[in-house]
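Structure, as structure tokens:
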Amino acid sequence: VATAGMARAATPGDGDPAILELPEHSRGLGQPVVTDGYGKPSKWEANVQRRQSPGLTQTRQASVSFAPLQSLFGIVTPSGLHFERHHQGWWDIDPSRHRLMVNGLVKTPRVFTMDEIMRLPSVSRFHFIECGANTGMEWGNVAVPTCQYTHGMLSCSEFTGVPLITLLELAGADLNKGRFVLAEGADGSSMTRTIPMSLVRSGEVLVAYGQNGEMLRPENGYPLRLVVPGVQGVSWVKYLRRLELGDQPWGTKDEAVHYVDLLPDGTHRQYTSIQECKSVVTTPSGGQVLLDKGFYSISGLAWSGRGKVKRVDVSVDGGRNWRTARLQDPVMSKCLTRFNIDWVWDGKPAIIQSRAMDDTGYVQPSLRQLREVRGTRSIYHNNAVQSWLVQESGEVKNVQVS
Amino acid sequence: VATAGMARAATPGDGDPAILELPEHSRGLGQPVVTDGYGKPSKWEANVQRRQSPGLTQTRQASVSFAPLQSLFGIVTPSGLHFERHHQGWWDIDPSRHRLMVNGLVKTPRVFTMDEIMRLPSVSRFHFIECGANTGMEWGNVAVPTCQYTHGMLSCSEFTGVPLITLLELAGADLNKGRFVLAEGADGSSMTRTIPMSLVRSGEVLVAYGQNGEMLRPENGYPLRLVVPGVQGVSWVKYLRRLELGDQPWGTKDEAVHYVDLLPDGTHRQYTSIQECKSVVTTPSGGQVLLDKGFYSISGLAWSGRGKVKRVDVSVDGGRNWRTARLQDPVMSKCLTRFNIDWVWDGKPAIIQSRAMDDTGYVQPSLRQLREVRGTRSIYHNNAVQSWLVQESGEVKNVQVS
Amino acid sequence: QDRFPGIGRAATPAEVKAWDIDVRPDFQGLPKGSGSVAKGMEVWEGKCASCHGVFGESNEVFNPLVGGTTDEDIKTGRVANLKRTDYPGRTTLMKVPTVSTLWDYINRAMPWDAPKSLSTEEVYAVTAYMLNLGGIVPDNFVLSDANIAQVQQRMPNRNGMTTAHALWPGGELKGTTKPDVAATACMSNCKVEAKVTSLLPDHARNAHGNLAEQNRLVGAQRGTETTRPPGA
Amino acid sequence: QDRFPGIGRAATPAEVKAWDIDVRPDFQGLPKGSGSVAKGMEVWEGKCASCHGVFGESNEVFNPLVGGTTDEDIKTGRVANLKRTDYPGRTTLMKVPTVSTLWDYINRAMPWDAPKSLSTEEVYAVTAYMLNLGGIVPDNFVLSDANIAQVQQRMPNRNGMTTAHALWPGGELKGTTKPDVAATACMSNCKVEAKVTSLLPDHARNAHGNLAEQNRLVGAQRGTETTRPPGA
Ligand code: HEC
Ligand code: HEC
Ligand SMILES: [Ca+2]
Ligand SMILES: [Ca+2]
Ligand SMILES: [Ca+2]
Ligand SMILES: [Ca+2]
Ligand SMILES: [Ca+2]
Ligand SMILES: [Ca+2]
Ligand SMILES: [Co+2]
Ligand SMILES: [Co+2]
């Protein structure tokens with residue numbers, strides 16, 4: 001399956017052969033149940049895949065694959081299309097041999113099996129996860145053609161797990177002295193990140209094993225990963241083996257060399273964690289072609305690491321004029337929100353943008369506004385308004401505007 | 001992968017070898033990104049599959065496969081595990097050749113391509129789908145061992161599509177004369193069902209193409225199916241090809257011979273559509289063995305075809321005494337709701353039950369209460385309280401109680 | 001139309017004809033035509049009997065279609081056997097209240113492996129034959145659009161249906177709004193025996209396969225090893 | 001404990017030792033030991049140079065680790081090149097403010113294909129060697145738990161970090177609560193030029209593969225055929 005032309009209802013003489021000649025599926029017996037005990041998408045959907053961005057990384061084990069946002073609906077990301085970010089490759093770990101240790105400022109360091117963790121009271125919550133480097137290629141100039149590559153280090157799932165605070169309390173944590181938590185993975189990189197205690201205390205941070213109703217996928221940390229809502233993906237430590245309560249932050253490699261944001265004066269911001277309010281139009285978006293003039297439903301995603309999306313405005317004239325879009329229920333905290341707005345395309349060039357606002361009142365900035373404060377070399381935390389140029393030919397292009 | 005023993009943290013002398021001897025994944029380089037453009041579950045999850053119930057149907061194309069509820073978390077059903085119900089087998093239809101016709105009491109009958117349907121304003125909503133025959137084997141006696149077979153014709157997804165009312169209006173529907181809608185599929189069975197106009201008018205009925213962020217799976221009607229929230233699955237016509245507005249119900253095969261509920265007096269109830277309020281404990285549940293005494297989090301699912309779940313009570317003594325469980329946010333209308341409640345198992349026999357209540361005030365009945373009104377031969381719409389007996393050995397059994 | 005320029009188009013009459021095949025209980029949609037019991041027997045034996053049995057009695061690929069109805073039922077329009085709890089099965093003819101249902105379904109879906117392959121005459125004929133097997137029409141009957149409404153008056157279960165229930169959302173069928181079963185949420189010392197009245201016999205333990213292989217390998221519990229007897 | 005009987009157990013000292021390997025900026029967690037630059041060169045050339053280059057300069061499998069720092073930076077604790085927008089890359093030594101970070105990371109994750117295979121001495125040594133490549137310690141230096149705090153005082157970018165921002169949730173790092181960028185939601189006649197300032201050149205059209213193959217085959221739009229020039 002590769003590409004296909006435009007399917008319109010054929011100009012009816014007698015009528016469309018797709019109607020007049022009954023298709024074979026109307027005239028035959030189909031396939032039985034459980035051809036697949038675990039089913040797959042249609043063969044016609046083979047173009048909907050996660051993908052690497054050519055040349056972005058030097059190896060494929062310290063790399064990233066992007067979710068095809070341009071082809072997704074609603075807010076749930078199918079687990080098979082969840083973006084990947086590995087630092088030392090992914091593993092499929094035997095869960096019966098996996099252990100979780102809690103140590104540091106606790107009365108007794110403790111060890112848990114998966115059996116034990118899964119016996120504890122769990123919660124299930126919908127949250128987005130976004131890599132801090134998402135849209136990072138676009139700080140300076142347009143670098144990639146589609147929203148898969150500009151915004152595809154973004155996914156959203158229903159996560160199930162045990163609030164981290166429950167495990168800390170079980171170990172007799174000293175919650176006065178303990179002001180930071182270190183999370184550590186079991187893979188080669190043994191990723192370590194300092195986790196904000198405020199989110200632990202609020203019960204938001206989860207030691208999760210479930211994702212979209214089943215266990216986490218191996219690429220996403222099976223059998224255990226930390227879920228740190230609103231915070232960049234690197235903190236959602238995969239293959240989680242250990243949690244340490246401490247009185248100081250850890251300054252780990254991914255807190256001191258990467259995931260630090262370079263400002264124009266040569267200073268790096270350290271421990272930048274929150275993914276600020278952001279949005280992107282996914283339909284239509286870069287690399288697509290509109291088939292025709294006429295009615296379109298502009299659709300996209302909005303999110304905020306600080307809470308709920310309150311409003312999304314959409315412009316089709318490059319930011320001069322804006323209309324407020326419809327938000328799809330349920331609007332959940334630190335979760336993707338789907339928005340839609342009607343548009344009749346007159347065939348003339350148009351620049352489509354979306355601008356989200358969260359319930360703290362924060363407004364997603366334009367690229368200009370963002371650069372005025374942070375310059376163009378931060379790599380991380382680019383949450384600027386995205387622009388898509390619809391050309392007369394119907395082709396949609398990734399552009400930046402003044 | 002088949003079965004495995006109980007994984008406890010080994011009695012520590014020096015310590016657990018799973019900790020002391022670093023596993024190979026802590027000492028090596030893992031697999032690259034995009035080993036799978038569309039990912040799969042862990043190999044350790046191979047037991048989590050949809051399954052047929054032996055002997056239930058005479059063919060595998062007019063049959064059902066059950067979702068493994070005992071292994072699922074939260075409310076979203078992974079699309080690969082969504083239950084199947086086919087009447088004449090499933091197909092993987094070329095979406096570029098699929099058409100939808102709207103006719104009957106409309107100004108002009110109309111034809112839409114998928115391209116056109118996907119251009120219209122869409123909504124995305126989380127809803128459960130339950131077969132009217134779910135739990136049907138259990139009207140008289142215990143017939144099957146696990147909740148996969150007792151309750152597994154149940155799934156829940158985020159559906160994306162166009163409100164049917166939009167298409168009717170586009171065709172110039174006569175909404176005074178038009179009191180019923182016929183939905184018709186394009187497969188061999190060309191399933192036809194009469195759809196309640198009240199749910200069409202309220203905007204709840206969707207002509208859906210999206211499921212959990214991607215397109216519907218072929219087994220679930222790719223590229224188009226009707227979503228009729230709160231109504232039994234058979235009305236959610238798959239491979240949807242036609243919608244007709246009419247002034248009378250159609251009395252189709254699956255409204256006159258099946259999906260009719262036999263009462264003790266020999267009368268059948270016809271056009272029984274709503275799935276009434278129901279719940280089931282999935283953890284622990286029939287066919288499982290508890291590994292130990294001690295703390296457990298009893299967890300299960302509740303739903304109502306009339307609206308939101310308001311409360312779920314749980315009993316561990318066969319219905320004598322009940323405690324109110326925690327409901328997991330978000331609680332959505334005509335959607336699964338996950339509930340949890342703490343339990344310390346003392347090693348003695350226990351009978352676990354859950355009882356849901358919806359926001360109309362309706363209370364899920366016991367099997368006795370249900371049978372008193374409907375007898376035992378209805379086949380459809382068994383929404384009775386389910387009982388699981390925990391034996392001293394830890395074995396959990398499907399039972400019915402007085 | 002105005003709100004959504006460019007979306008959809010009018011269907012042609014030929015297109016509507018090709019797809020609008022449903023037949024309602026009032027026979028709206030029924031094409032003109034006819035077919036005899038004799039012709040129906042031919043069709044049946046050639047295209048149906050292999051799955052449904054020569055007399056529609058087979059349960060090899062589906063439930064029996066014919067059987068369980070009586071002349072008395074044809075008079076009353078109520079199938080008496082449906083009242084009996086000891087009657088073994090429920091055939092199609094025992095349940096179906098409307099002859100349109102048979103016509104429509106055979107026309108759209110049968111033969112199962114070649115649906116929509118029958119001519120209109122064949123559908124009339126084989127429907128007539130099924131009715132004849134059930135004693136509803138005589139051996140020399142020719143079913144047609146002209147006499148099908150009379151046949152409807154002989155359907156054994158034509159009075160067997162009710163819509164007096166609360167499971168249809170909306171008022172169109174004049175059902176009830178109050179659910180038929182009214183439970184209450186007793187919270188403590190509820191009046192139940194809590195005695196087990198039904199459970200699977202031990203010999204059926206493995207009838208659904210080894211349950212240990214139908215559960216996750218970790219978690220608060222495992223699947224039961226049903227290849228071994230209880231407690232072993 | 002009381003709320004959850006039977007869940008979890010105390011970790012043994014050997015278990016904590018096996019896994020609690022992190023080293024903090026205040027050197028909590030740093031095992032006693034030492035390693036020389038000379039030994040470090042051996043380790044480097046045997047186990048690191050194949051990926052990172054003999055001088056840590058390779059960009060074959062990752063960004064260069066060494067380069068871009070000066071003696072002046074070691075004095076000020078600020079890497080001057082980080083201010084320059086024309087400076088081509090940013091090496092590890094240009095960015096890393098804390099020597100603990102290097103020790104901890106090499107110890108846990110390097111060599112990339114054999115992480116956690118180095119002895120404590122090797123980690124000290126190869127860290128010393130990297131510092132030496134950056135001119136931070138002399139050729140004859142022996143890095144140890146006793147002198148690492150002094151070395152920290154020579155890290156070129158030790159003063160290069162700030163936590164004065166609003167992106168840490170909570171007050172522990174004494175950041176700000178007010179976001180640094182304050183946009184407003186202008187709704188009409190907003191003061192923007194709406195001129196395109198950047199877009200991909202046509203010759204890069206197909207650099208990410210044929211976009212027609214990266215979009216669904218139906219829907220309101222298709223993927224662009226990027227194997228063909230625009231408009232073709
Ligand atoms: C290859 C097997 C096969 C053949 C041939 C076949 N059928 Fe069927 N028939 C089935 C199956 C299986 C079903 C049940 C379908 C379902 O579950 O929806 C069925 C259902 C029916 C029903 C509905 C019964 C009910 O209670 O739902 C009727 C009526 C029927 N067939 C009549 C016919 C006639 C008339 C023919 C020939 C013209 C025919 N069948 C040929 C397999 C077959
Ligand atoms: C097989 C290739 C390979 C070998 C051998 C190797 N490295 Fe690396 N190293 C990498 C890669 C790839 C990364 C980036 C990992 C990531 O993205 O998280 C890296 C990262 C690093 C970093 C962090 C750099 C930064 O800016 O994040 C240091 C320090 C480092 N290596 C030191 C060493 C030392 C010391 C050795 C030998 C003892 C070594 N490496 C051996 C491939 C290798
Ligand atoms: Ca390179
Ligand atoms: Ca049989
Ligand atoms: Ca059109
Ligand atoms: Ca019709
Ligand atoms: Ca234990
Ligand atoms: Ca430590
Ligand atoms: Co990273
Ligand atoms: Co059915």
Side-chain angles (χ1 to χ4, degrees), chain A residues 2-4 44 47 58-59 71 101 103 108-112 116 119 141-142 145 179 182 188-190 192 196 198-199 242 248 250-251 253 256-257 266-274 284 287-290 296 318-322 357 362-363 365 369-370 373 393 395 397 399-402, chain D residues 7-11 16 19-20 22 24-26 61-62 82-83 92 95-98 101 105 108-109 115 160-163 165 167-170 172-173 179-181 183-185 187-188 190 192-200 208 211-218 220-224 231:
Chain A
T3 70
W44 305 101
N47 284 357
Q58 294 97 321
T59 71
S71 301
M101 183 183 288
N103 75 318
T108 334
R110 284 184 87 79
V111 170
F112 302 90
E116 289 168 334
R119 268 169 76 172
N141 274 300
V142 164
R179 297 167 68 229
L182 182 77
S189 75
S190 294
T192 36
S198 60
L199 301 181
R242 192 169 66 91
Q248 290 185 24
W250 270 264
K253 185 264 268 178
V257 185
T267 312
H268 279 100
R269 285 182 172 162
Q270 205 176 10
Y271 304 113
T272 49
S273 300
I274 293 173
Q288 297 186 328
V289 193
L290 305 197
Y296 286 86
R320 257 189 258 270
N321 297 287
W322 300 79
M357 195 187 293
Y362 176 92
V363 177
Q369 291 167 328
L370 193 63
V373 177
S393 62
E395 252 192 71
K397 291 214 167 124
V399 297
Q400 297 184 350
V401 297
S402 55
Chain D
I7 304 222
R9 60 159 178 86
V16 175
W19 279 14
D20 183 7
D22 61 89
R24 291 200 312 200
D26 66 349
V61 303
F62 197 64
L82 289 173
K83 264 173 252 180
T92 308
K95 291 184 283 177
V96 67
T98 34
T101 303
Y105 180 66
R108 72 172 57 246
M161 297 284 155
T162 176
T163 57
H165 57 74
L167 296 185
W168 175 264
E172 297 85 359
L173 298 175
D180 54 347
V181 184
T184 52
M187 291 303 286
S188 54
C190 308
V192 295
E193 282 186 292
K195 289 271 155 58
V196 171
T197 57
S198 174
L199 82 176
L200 286 179
H208 276 72
L211 301 180
E213 293 170 8
Q214 302 186 18
N215 278 271
R216 181 169 286 119
L217 302 176
V218 287
Q221 50 281 314
R222 295 287 184 281
T224 311

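All values reported here derive from a predicted model rather than from experimental measurement. Residue numbers start from 1 in every chain, and the chains themselves are labelled A, B, ... in the order their sequence lines are given, proteins ahead of strands.
- Between the side chains of Q288(A) and N215(D), a donor-acceptor pair is found at a separation under 3.5 Å.
- Both the backbone and the side chain of V289(A) come within contact range of chain D, judged by heavy atoms closer than 4.5 Å.
- Legend: residues meeting salt bridge (charged side-chain N to carboxylate O under 4.0 Å, His left out) with E172(D), ordered by chain and number and at least two apart, are absent.
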| field | Test side-chain contact (heavy atoms from CB on, under 4.5 Å) applied to R269(A) and D180(D), step by step | value | CA-CA 12 Å; R269(A) 285 182 172 162; D180(D) 54 347; 2.6 Å; yes
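- Annotation: maximal heavy-atom pairing with chain A below 4.5 Å, among A109(D), P97(D), P169(D), occurs at P169(D).
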| task | Check the pair R242(A) / D22(D) against side-chain contact (heavy atoms from CB on, under 4.5 Å), numbers first and verdict last. | result | CA-CA 11 Å; R242(A) 192 169 66 91; D22(D) 61 89; 2.6 Å; yes
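- Interface remark: T184(D) contributes backbone atoms only to the contact with chain A (heavy atom separation under 4.5 Å).
- Proximity to chain D (any heavy atom under 4.5 Å) is restricted, for M357(A), to the side chain, taken from C-beta onward.
- Of the two parts of Y362(A), only the side chain, counted from C-beta on, holds a non-hydrogen atom closer than 4.5 Å to a non-hydrogen atom of chain D.
- Side-chain atoms of R216(D) do not come within 3.5 Å of backbone N or O of R222(D) as any donor-acceptor pair.
- Side chain of Q400(A) to backbone of T197(D): no donor-acceptor contact under 3.5 angstrom is found.
- Looking at L290(A), both its backbone and its side chain come within 4.5 Å of chain D, counting heavy atoms on both sides.
- Qualifying side chain to side chain donor-acceptor pair (under 3.5 Å) partners for N141(A), counting only residues two or more places apart in sequence or in other chains: S198(D).
- When M101(A), H268(A), E395(A) are compared by the number of non-hydrogen pairs under 4.5 Å with chain D, H268(A) comes out ahead.
- Between chain D and the options G251(A), S198(A), A256(A), the largest number of non-hydrogen pairs under 4.5 Å is found for A256(A).
- Contact annotation for Q270(A): both backbone and side-chain heavy atoms come within less than 4.5 Å of a heavy atom of chain D.
- Between chain A and the residues S188(D), P179(D), A11(D), the largest count of heavy-atom pairs under 4.5 Å involves A11(D).
- For T192(A), the part lying near chain D is the side chain, with the backbone staying farther off; criterion is any non-hydrogen pair under 4.5 Å.
- For chain D, the nearby parts of K253(A) are the backbone and the side chain; heavy atoms of each come within less than 4.5 Å.
- Proximity to chain D (any heavy atom under 4.5 Å) is shown, for L370(A), by both the backbone and the side chain.
- Taking every heavy atom of both residues into account, T98(D) and P25(D) meet most closely at CG2-CB, 4.0 Å.
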| task | Before giving the answer on side-chain contact (heavy atoms from CB on, under 4.5 Å), spell out for V257(A) and T101(D) the whole-Å C-alpha distance, their side-chain angles and the decisive distance to 0.1 Å. | result | CA-CA 9 Å; V257(A) 185; T101(D) 303; 4.3 Å; yes
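- Annotation: maximal heavy-atom pairing with chain A below 4.5 Å, among V16(D), D26(D), D20(D), L199(D), occurs at D20(D).
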